[in-house]
Amino acid sequence: GAVVSQHPSWVICKSGTSVKIECRSLDFQATTMFWYRQFPKQSLMLMATSNEGSKATYEQGVEKDKFLINHASLTLSTLTVTSAHPEDSSFYICSARGLAGEYQETQYFGPGTRLLVL
Amino acid sequence: KQEVTQIPAALSVPEGENLVLNCSFTDSAIYNLQWFRQDPGKGLTSLLLIQSSQREQTSGRLNASLDKSSGRSTLYIAASQPGDSATYLCAVIGNTPLVFGKGTRLSVIA
């Protein structure tokens, strides 16, 4: 099956710093990547959708200037949490969807990145 | 807008029981439906994927059914074990990104 990796898996940072999370599709080309956020004991909520080479589409209530998404290639998307604050502490999961066939009709998930902002 | 609902929100059963988790969705125009498992503090583990043209999928003690026309799916777990304790998430994908239900938190008591 398709593999999606995320790096780092854990990050602890001070309030006010920026954190970059990478998401890679390892064995398929991901035309679309999705970023989800999950707060404790809640379900996954979609933050934004990004298509390769174009600007991301953000869900209502998600600040695009705070959560910068770059999808520069068909295998890599990055999420940068700028000027992170404690309320940004969460579990961030990326997902990738491919060009055609099975890879188009299914989203493949990374293992997630746990962010703790002190 | 697609909405996914899971019932019950939490379930506690003694070991060995068979159990059913329910999922419903509002828009039947889906490509597929997936059931995931999530352990506390961990990522998602895909359990079963049912294509929109299929009615069920089986993997070991798990059986998932799909009735697209009525917007329902069930996940049947046979002979439950303490190791099955986790949150089970149902999600559907169509022309929009994958939409998750809020999950059912399952506890299997030894």
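In what follows, every chain begins at residue 1, and chains take the letters A, B, ... in the order their sequences are listed. The analysis underlying the following values was restricted to heavy atoms, covering all of them including side chains, and did not include hydrogens, waters or symmetry mates. This structure is a prediction, so every number in the text was calculated from the model and none was measured.
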May I ask you to check whether over 12 heavy atoms, not counting those of [X], lie within 6.0 Å of atom [atom1]?
X: A:His7; atom1: NE2; answer: no
X: B:Lys102; atom1: NZ; answer: no
X: B:Arg72; atom1: CZ; answer: no
X: B:Glu3; atom1: CD; answer: no
X: B:Arg61; atom1: CZ; answer: yes

Could you check whether any side-chain heavy atom of [X] comes within less than 4.5 Å of a side-chain heavy atom of [Y], counting everything from C-beta outward?
X: A:Tyr36; Y: B:Pro97; answer: yes
X: B:Leu98; Y: A:Arg97; answer: no
X: A:Ser43; Y: B:Leu89; answer: yes

With a 4.5 Å cut-off on heavy-atom pairs, point out which of B:Ser46, B:Gly41, B:Ser52 contacts chain A the most.
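The answer is B:Gly41.
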Within this structure, what is the CD1-OG distance for the pair B:Ile93 and A:Ser95, rounded to the nearest 0.5 Å?
7.0 Å
Can you hop from B:Ile30 to B:Leu49 via hydrophobic side chains spaced under 4.5 Å?
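B:Ile30 does not cluster with B:Leu49.
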Would you tell me whether A:Gln38 and B:Gln38 have side-chain atoms, one donor and one acceptor, within less than 3.5 Å of each other?
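Side-chain D/A pair, A:Gln38 to B:Gln38: present.
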Is it the backbone or the side chain of A:Leu44 that comes under 4.5 Å from a heavy atom of chain B, or both, or neither?
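A:Leu44 touches chain B through backbone and side-chain heavy atoms alike.
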Stepwise ring-ring contact (aromatic ring centres under 6.0 Å, His included) check, B:Phe100 with A:Phe109
CA-CA 13 Å; B:Phe100 285 89; A:Phe109 285 84; 5.6 Å; yes
Output side-chain donor-acceptor pairs under 3.5 Å for residues 8-20 of chain B, partner residues at least two apart or in another chain, one line each.
residue	atom	partner	partner atom	Å
B:Asn18	OD1	B:Ala79	N	2.8
B:Asn18	ND2	B:Tyr76	OH	3.4

Under 4.5 Å from any heavy atom of chain A, what part of B:Gln6 do you find: side chain, backbone, both or neither?
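For B:Gln6, no heavy atom lies under 4.5 Å from chain A.
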